Amino acid sequence: MFENSHHRPEPSSLVEGEQIALLDGEPMEFTYRGKRYRIYSVLSRWREAGEWWNRASDGKYRPDDGARALWKVEAAPIGVMATFEIERIDKSEVNKDFIWRIRPTSRSHSLPRSE
Amino acid sequence: MLHDQFVHLHTVSGYSFKYGTALPQNLVAAAAEKGMKSLALTDRDTLAGTIRFIKAAMEFGITPIVGINIKLLSDKNRVTLLAKTDGGYGSLVQLISGINLKLSHGQKPIITREILTEFSQYSKDLILLHGPDSLLQKNIWNKEISIGKGHFNYLKDFFAEQFVECVSHLDSFGNRSTAYAAKALSFARDNNIPAILSNDVRMIKAEDAPLADILDSSRNLQPLHLKNIRRKNAEAFLKPGYEMYKVARDITNMAGERSENRLLTDTYQLAEKLALSPVSDIGIGEISLPDPEMVGVKNHREMIYLFRQRSLSALQSKYRSESDYQEAFIRLNDELNVIRTLGFEPYFLTVADIVKGARDLGIRVAARGSGAGSLICYLLDISAVDPLAHGLIMERFCSPLRRELPDIDIDVESARRLEIYDLVFQKYGGQVATVSMVEKYRARHAIRDVGAALGIAPMEIDLIAKSIPRVRAGKISEVIEKLPELRSIAALRSSSALLQMAVGLAERLDSLPRNLAMHPCAVTLSNSAFKTRAPLEINASGYPMIQFDKDDVEDIGLLKLDILGVRMQSSLAYTIAEIKKVDNEIVDLDKIPLDDSKTFKLIQSTQTLGIFQIESPGQRELVGKFSPSSFNDLIIDISLFRPGPIKSEMISPFLNARHGDKPVKLIHPDLDKVLAETEGVVVFHEQVIRIISILTGSSLAAGDAKRRDLGTPEGEERVRDWLFPAALSKGYSRDLVDEMWQVLRAFASFGFCKAHATAFALTTYQSAWLKAHYPAHFLAGVLNHDPGMYPKRLLLDEVRRLGIEIKPVDINYSDNRYRVIKVDQRYAIELPLSQLHGISDQEVESIIAHRPYSDLADFVYRSGASKPISEALLLLGAFSSIYGEDSNRRDLLLHLSDIYQISQSKDRIISDDQMSLGFLPEFIETGLPNITKSDQVKNELNLLGMEVSHNVIEFYSDFLNSIGAVKSSELLSYRSQTEVLVAGVKVALQTPPIRSGKRVIFLTLNDGYGCSDLTFFEDTQDSYAELLYSTSLFLVRGITRRTGARGISIRATKAWDLTASYERWRTVAVYG
């Protein structure tokens, strides 16, 4: 699906002004309801103009006063995502039996943001 | 890095009228600043910005690409066409001209199927970009894949190559969203169509977005609201490469592509195929002369022969004495050689042909400008000025050292200018075109458009727009703060935040093009190369017009001829025709002697109203001081009355020397012959050229080159370093060279081209001569064609002052023009029916066609005049030839209304028979008093816009006498420094530039006895400026100042509205 869904978050779940970490002007991490989130992928980003002509109280116009930039992202709390190594060992050629081994490989239990 | 190489292939400038927000040169400068190597200009529907763009690209080292954004196949879909290197541009120009010449003025070009078929040889040189507004991308988005493919395949035959143009303005939805672009990209990849990235650029910086909103609002005539602004955000700006890289990444990511590299590389590689050469593709710096065929010869050799022959045969008839002939012959050879070197023969011949064609139609033509300095122009009858008799030189006009093209200007009768255009287009068809003129945002338009967009009350906007002088939009704040007459506007502004914002925005619209209009006089003359260089459209008058302006046209070397419509030429033609008609005398203005004493006596009297160039208050003051007594004096007078000389103290030293107050300072015998005619003061460019040439022994052409160099500080230094050694080595003393250098430095830039002044002076003299010898005929001509600065009411006053009778409008006699009639050997001027406000041309025609009329009823039934017009005519006394001058107009009005009642009851159709059978209402004398004289004048002012029977000031005469006001005709008997009161109607209000740089307001009042000239300096402007601009009848107190034997001016100290003062006086007189 290419189309951006245009739904706004429910007001109850809107949290303003919590810390956002940026990389090259783009959001990278943010805090939401006390939890730190990492952005794993930007699904889409877009921008919207403001109504500058309605903000003339002091006689100066500020171009794009009130303009918004928006990002739709996939994010998860830091520490939740981890990398593992999954190993399959073929036990014998006769009965086609496997042995599975799983071991965590990320020390911090978090991954760098995928590019 | 790839993003360092990004090239914007879709960029519009302000030449996309009321859409683009940046001038092409500013876009180029911004691109260069961002490190871009190349940039495309793809304006909507026009190529008008091309030359500005190319020149800026040359200056900033940017490789230019040119294209156009245009409708394809339907009104709703737009694509971008780009010109390929080597020939693409010429094809683009021919395609656009081809489309436009099939349209009428104002229609937007659209590429239809028929156009594609007819002009495929041009479109095949062009690249087609299917951008976000294209039908193809719409099909893709709507999943009409097979329709899209069909469309694409159909276009394959007509274009060199097609691309999908991906644009994301990071809109959340719609055709400039990332999703839309990604879908288009996927389609391109699936179908093996190349794709590129652009940003559909509309502005330089994101901060310019409000300008785009204002333009959208003004274009669509809607106030600003999110609903009707076009943009969703401010992303359509000239993004630097690294930001475009991010956009590419977004689009390719969403399209599921592994990397953005392919999209960016393809964009860059397309740009490389589109690089244009300013010289070989666009034609910058080239010269396109008319082909020999245009002047009716087969080849170049024949043309040169013809040129020489025509000049030589004219030489014999124009220079009869042996010595004159010898001098002229030598001069002719020099000029022929120069023109030969430059190859300009076809230009001169074409212009001569056009001038001859115009004269054959009986249209008056006069040369103007530096061209009058050329003997060949005189010999080919382009100019009537003999350059040898007036010491004019050709090098000021045309020399091998001048880089500009020679520019011949001709003045023709304004009323018949289009006849000459028709002649030119008929004769030279596809090789000529009119030139455009870019109308730019100036203060008034800017404030109107911004005000409307912001929803400010129309009344308020109108008030501001009308009060602001005609300055550029960038100066609105400055004039509001500075001018005393705008004080109330300044108060209004500081009281409203919205208004402050409006002014701020309006100033930012400064210099943005609004519209392409026809240049009022320029026509280009060129050859077959013209087709590939000059994009055409049809202008409002229906002529083909190049989308380039005067400067652009010069940059690409198209020769042009300026055909200026001059109302004075129409006046002169009319005067001569009236003389022939009334007195059966034939006047040939080109043959009148240039030393007529009656003419100079008239000029010296300063009664110069109506005379070309010397009728303004300032000129009358100068003429009064100067007392010109020869034709050469007139040339000097016209040259002196200019901002330069006035600012630079040239006038006083000259006048002092002329009147013998200070003796002429002789510098050196070699230079005296050059300076003697102007009393040792440098007035003319030609003198500067000659002095440089004499001092250094160089040619006049070199002298002219150095003169032009003196215009800049660096040039001045260069000339000094060259001139000093050269002059010293010629044996001139250090002191002399020093002194002359000071003179040259001071006056070179302020001097005036004598050839130009001479051409003007000739018309000045001719008009003065006619006014001196045939005043009634002359003023009739001036009244008809309105060539000057004064309103008709003042001209009518001049008629009265000269003792010429004014015949009021009469239904049985008046024509559609001011006519001269002769009654008992005396002349009178008859007012025309057409002067009546609100009368239509058809009514005038019909009234004239059906006369004579025997009575009012007859007029009502047969004349075709409407009821209000019949009433107005009656009130003016236009039925005097039937009912007598003293007939009671109130009774006649009642009679008129009876007639209308009856005619309506009979279904308005009454035949002549019925009238004689007594259906007519009777004319009854009611005994009511007739209208008064002052009512009569009121009617005249209302209906004609001027008073005929009495000057309006006459009604204030009791008041003016009682307070001791002075008649303008008596002012000359007052000494300097006397306090006087004067009154009158405002006839002129000017603020010309003056030496000190301080602002002075000049007011001219007319009181029926003549004019008085008043000066308001800065100390009085504070109190009276607003009054001066808002009132028309004045009473002014001031101090007299003698300016010469015949000149007096008044320094105003107080001013009142005359009607208000009069009311106060009357009340006081009655009750006090």
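Given the structure is predicted, the values throughout are model-derived calculations rather than measurements. Convention: sequence-line order gives letters A, B, ...; per-chain numbering from 1.
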Check each atom of [X] against the heavy atoms of chain A and say whether the ones under 4.5 Å are side chain, backbone, both or neither.
{"X": "B:K205", "value": "neither"}
{"X": "B:I251", "value": "neither"}
{"X": "B:L224", "value": "both"}

Nearest-0.5 Å distance, [atom1] of residue [X] to [atom2] of residue [Y]:
{"X": "A:S41", "Y": "B:N253", "atom1": "OG", "atom2": "CG", "value": "8.0 Å"}
{"X": "A:R68", "Y": "B:S172", "atom1": "CZ", "atom2": "OG", "value": "9.5 Å"}
{"X": "A:L70", "Y": "B:N233", "atom1": "CG", "atom2": "CG", "value": "10.0 Å"}

**Prompt:** So with a 6.0 Å cut-off around NZ of B:K475, is the heavy-atom count from everything else above 12?
**Reply:** no
**Prompt:** Does a side-chain heavy-atom distance below 4.5 Å link A:R47 with B:H169?
**Reply:** no
**Prompt:** What's the shortest heavy-atom distance between A:R45 and B:L170, and which atoms?
**Reply:** NH1-CD1, 3.7 Å
